[in-house]
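A quick note: this is a predicted structure, and the numbers were derived from the prediction, not measured.
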Amino acid sequence: EVAGTDLNPGGGVHLAIRPEDVLVEENQTSISNVLDGRVRTSMFMGSYTVVEIEVDGSLLIAHAPPQTNLRRGDSVRALLPRDRLLVLSA
């Protein structure tokens with residue numbers, strides 16, 4: 001049970017995070033809250049780059065720095081900072 005929530009041990013959850021809070025790197029050294037994936041698309045938007053990352057069949061959207069040079073098929077690691085995650089019951 002998680003205090004202040006309706007979550008129960010063994011129950012399913014969904015994680016939510018704002019795209020600008022996802023940290024995307026090709027050589028991420030963090031080992032906690034990191035997902036390995038492949039770039040599906042990368043689109044320069046001026047002040048940021050939208051990166052769609054496929055992780056185990058799911059899609060994660062991140063807003064990376066504008067100088068990001070990721071291409072379709074690149075392997076990346078996405079760091080999800082614990083203090084930026086929202087946990088919802090499934």
Side-chain angles (χ1 to χ4, degrees):
E1 200 169 308
V2 178
T5 70
D6 60 351
L7 301 176
N8 295 310
V13 298
H14 294 285
L15 295 178
I17 189 167
R18 295 183 61 87
E20 60 270 21
D21 293 330
V22 178
L23 304 175
V24 181
E25 292 186 12
E26 292 180 85
N27 300 310
Q28 184 72 253
T29 57
S30 299
I31 56 172
S32 179
N33 288 359
V34 174
L35 301 174
D36 292 315
R38 291 211 177 271
V39 174
R40 183 186 278 180
T41 64
S42 179
M43 186 182 326
F44 176 71
M45 300 298 288
S47 61
Y48 61 93
T49 298
V50 174
V51 182
E52 292 183 344
I53 304 166
E54 190 167 339
V55 178
D56 293 330
S58 295
L59 188 63
L60 177 66
I61 298 174
H63 289 179
Q67 67 273 18
T68 300
N69 189 24
L70 295 170
R71 296 189 177 136
R72 181 179 178 90
D74 285 351
S75 292
V76 294
R77 303 190 86 199
L79 172 62
L80 309 179
R82 173 181 276 177
D83 63 335
R84 306 308 296 167
L85 286 171
L86 179 60
V87 182
L88 308 165
S89 60

Mind checking what makes side-chain contact (heavy atoms from CB on, under 4.5 Å) contact with Arg40, not counting sequence neighbours? Glu52, Glu54, Leu59, Arg72

Side chain to side chain, Leu80 and Leu60, heavy atoms closer than 4.5 Å: yes

Tell me which pairs pass ring-ring contact (aromatic ring centres under 6.0 Å, His included) where either residue lies in residues 71-90, with sequence neighbours left out. none

With a 4.5 Å cut-off on side-chain heavy atoms, are Leu15 and Ile17 touching? no

Name all pairs fulfilling the side-chain hydrogen bond (donor to acceptor under 3.5 Å, both in side chains) condition that reach into residues 57-69, sequence neighbours left out, sorted by first residue then second. none

Is there a continuous path of hydrophobic side-chain contacts, each under 4.5 Å between heavy atoms, that joins Val55 to Val22? yes

Is there a side chain to side chain contact (heavy atoms under 4.5 Å, CB included) between Val51 and Val76? Walk through the geometry before answering. CA-CA 10 Å; Val51 182; Val76 294; 5.8 Å; no

For Met43, side-chain contact (heavy atoms from CB on, under 4.5 Å) partners two or more places apart: Met45

Salt bridge (charged side-chain N to carboxylate O under 4.0 Å, His left out) partners for Arg18, two or more places apart: Glu20

Only counting residues at least two apart or in another chain, list the ones meeting salt bridge (charged side-chain N to carboxylate O under 4.0 Å, His left out) with Asp74. none

Which pairs pass ring-ring contact (aromatic ring centres under 6.0 Å, His included) with one or both residues in residues 70-90, sequence neighbours excluded? none

Apply side-chain contact (heavy atoms from CB on, under 4.5 Å) to Pro66 and list each qualifying residue two or more places apart in sequence or on a separate chain. Phe44

So which atom in Ser75 and which in Arg38 form the shortest heavy-atom distance, rounded to 0.1 Å? OG-NH1, 2.7 Å

Transitively linked via ILVMFWY side-chain contacts under 4.5 Å: Leu70 with Tyr48? no

Quick one: which residue pairs count as a salt bridge (charged side-chain N to carboxylate O under 4.0 Å, His left out) with a foot in residues 78-90, not counting sequence neighbours? Asp21-Arg84

Compare every heavy atom of Val24 with every heavy atom of Ala62, then report the nearest pair and how far apart it is. CB-CG2, 3.4 Å

Any link between Ile53 and Leu35 through a network of hydrophobic side chains (Ile, Leu, Val, Met, Phe, Trp, Tyr) touching at under 4.5 Å? yes

